[in-house]
Amino acid sequence: GAGVSQSPSNKVTEKGKDVELRCDPISGHTALYWYRQSLGQGLEFLIYFQGNSAPDKSGLPSDRFSAERTGGSVSTLTIQRTQQEDSAVYLCASSLGSLAVNTEAFFGQGTRLTVV
Amino acid sequence: AQKVTQAQTEISVVEKEDVTLDCVYETRDTTYYLFWYKQPPSGELVFLIRRNSFDEQNEISGRYSWNFQKSTSSFNFTITASQVVDSAVYFCALSGGGYQKVTFGTGTKLQVIP
C-alpha cells in the first residue's frame, strides 16, 4: 500500500481481555517496528523485526505482550489479559532495510487502545 | 546502550521568533544515525531529517536547520521565523549502524502562539 496501515484505529477493551493489533507495512519494507506512546509521553520501543532475523524483543514490557510477523509482511501485536496501564497509542513503523542504507522509518497512524 | 535526551518538555514562542530544540544522545557505536520527527496534533509522525555520524555538516532546509556536533553529542534543531503550523511535538531519535532499533527521546512540545 501507499503507507503503513494499522487496524483498528481505536480499540476499547475490558480489563483482562486479550487484544490483537495489526500492522500492514509498506510493501517491500523488511524492517518493522512497534512503539507505544502513552498520553503525553515519548515513544517507547517494544519490538523490532528485520527480515528473517530473530526479532529484537527487548522492549516488550511483560510476557503478556507478544508479536509476530507472518511472511515478512503483516505484523500482529498481541496483548493478553490487558491491564489499564496498557492504555496507550500503539504505533507501527516500517523501513526499507537497515537504517544504515539511508532510509527512514514511516509510521502508521496508530491504534489507540483504551482498557476500561 | 543507546539513549536520547530531550531536556525541554514544552516550549512556547510567539510567531516569527526563532526556536531551538535540544537533543543530546549517547551511544557506543562508531557508526550511527540521528533523526528528527514531527508529530502534529493529528498524531502521525512525519520524518524531517536523517544524519549519519560521519557527516557533521550542518544542514538547512527552508526555515529548518540542524546543528550536529559530535564533540558534545548533540543534534539540535532550529526553526527560524516560527509559524503556528510548526506547533507539534518534535522527537529526536538515534539508531546504531547496521540492523538496530531506533531509540526516541521523550519529545519536545512546541507551541507557537499567533
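In this text, all values refer to a predicted model and were calculated from it rather than measured experimentally. Just so it is clear: chains get the letters A, B, ... in the order the sequence lines come, proteins before strands, and each one is counted from 1.
- Note on A:Y90: it does not cluster hydrophobically with B:V89, by side-chain heavy-atom contacts below 4.5 Å among ILVMFWY residues.
- Both A:F49 and A:L60 are members of a single hydrophobic cluster when ILVMFWY side chains are connected at heavy-atom separations under 4.5 Å.
- Taken to the nearest 0.5 Å, the CG atom of A:L43 stands 5.5 Å off from the CG atom of B:L45.
- Both B:Y25 and B:L48 belong to a common hydrophobic cluster when Ile, Leu, Val, Met, Phe, Trp and Tyr are linked at side-chain heavy-atom distances under 4.5 angstrom.
- With a threshold of 4.5 angstrom between heavy atoms, A:I47 does not approach chain B through any atom at all.
- Atom NZ of B:K3 is surrounded by 12 or fewer heavy atoms from other residues, nucleotides or ligands within 6.0 Å.
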- Query: Step by step, would you call A:Y48 with B:V102 a side chain to side chain contact (heavy atoms under 4.5 Å, CB included)?
  - Reply: CA-CA 9 Å; A:Y48 164 46; B:V102 182; over 6 Å; no
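- The structure places CZ of B:F91 at 9.0 Å from CZ of A:F107, a figure rounded to the nearest 0.5 Å.
- The environment of B:K38 atom NZ is dense: over 12 non-hydrogen atoms of other residues, nucleotides or ligands sit within 6.0 angstrom.
- Counted within 6.0 Å of CG on A:N52, heavy atoms from surrounding residues, nucleotides or ligands total 12 or fewer; the atom is thus considered open.
- The main-chain N or O of A:E104 is never found under 3.5 Å from a side-chain atom of B:Y33 such that the two would form a donor-acceptor pair.
- Residue A:L46 holds its CG atom at 10.5 Å from NZ of B:K101, rounded to the nearest 0.5 Å.
- Neither the backbone nor the side chain of A:S53 comes within less than 4.5 Å of any heavy atom in chain B.
- B:Q6 does not touch chain A: none of its heavy atoms, backbone or side chain, sits under 4.5 Å away.
- Heavy-atom neighbours of A:E85 CD from other residues, nucleotides or ligands within 6.0 Å: above the threshold of 12.
- Separating the CZ atom in A:F45 from the CZ atom in B:F104 is a distance of 11.0 Å, to the nearest 0.5 Å.
- At distances below 3.5 Å, at least one donor-acceptor pair connects side-chain atoms of B:Y37 with backbone N or O atoms of A:A105.
- Proximity to chain B (any heavy atom under 4.5 Å) is restricted, for A:Q37, to the side chain, taken from C-beta onward.
- In the displayed structure, A:R112 atom CZ is contacted under 6.0 Å by at most 12 heavy atoms of other residues, nucleotides or ligands.
- Of the inter-residue distances, the one linking B:E44 atom CD with A:Q6 atom CD reads 9.0 Å to the nearest 0.5 angstrom.
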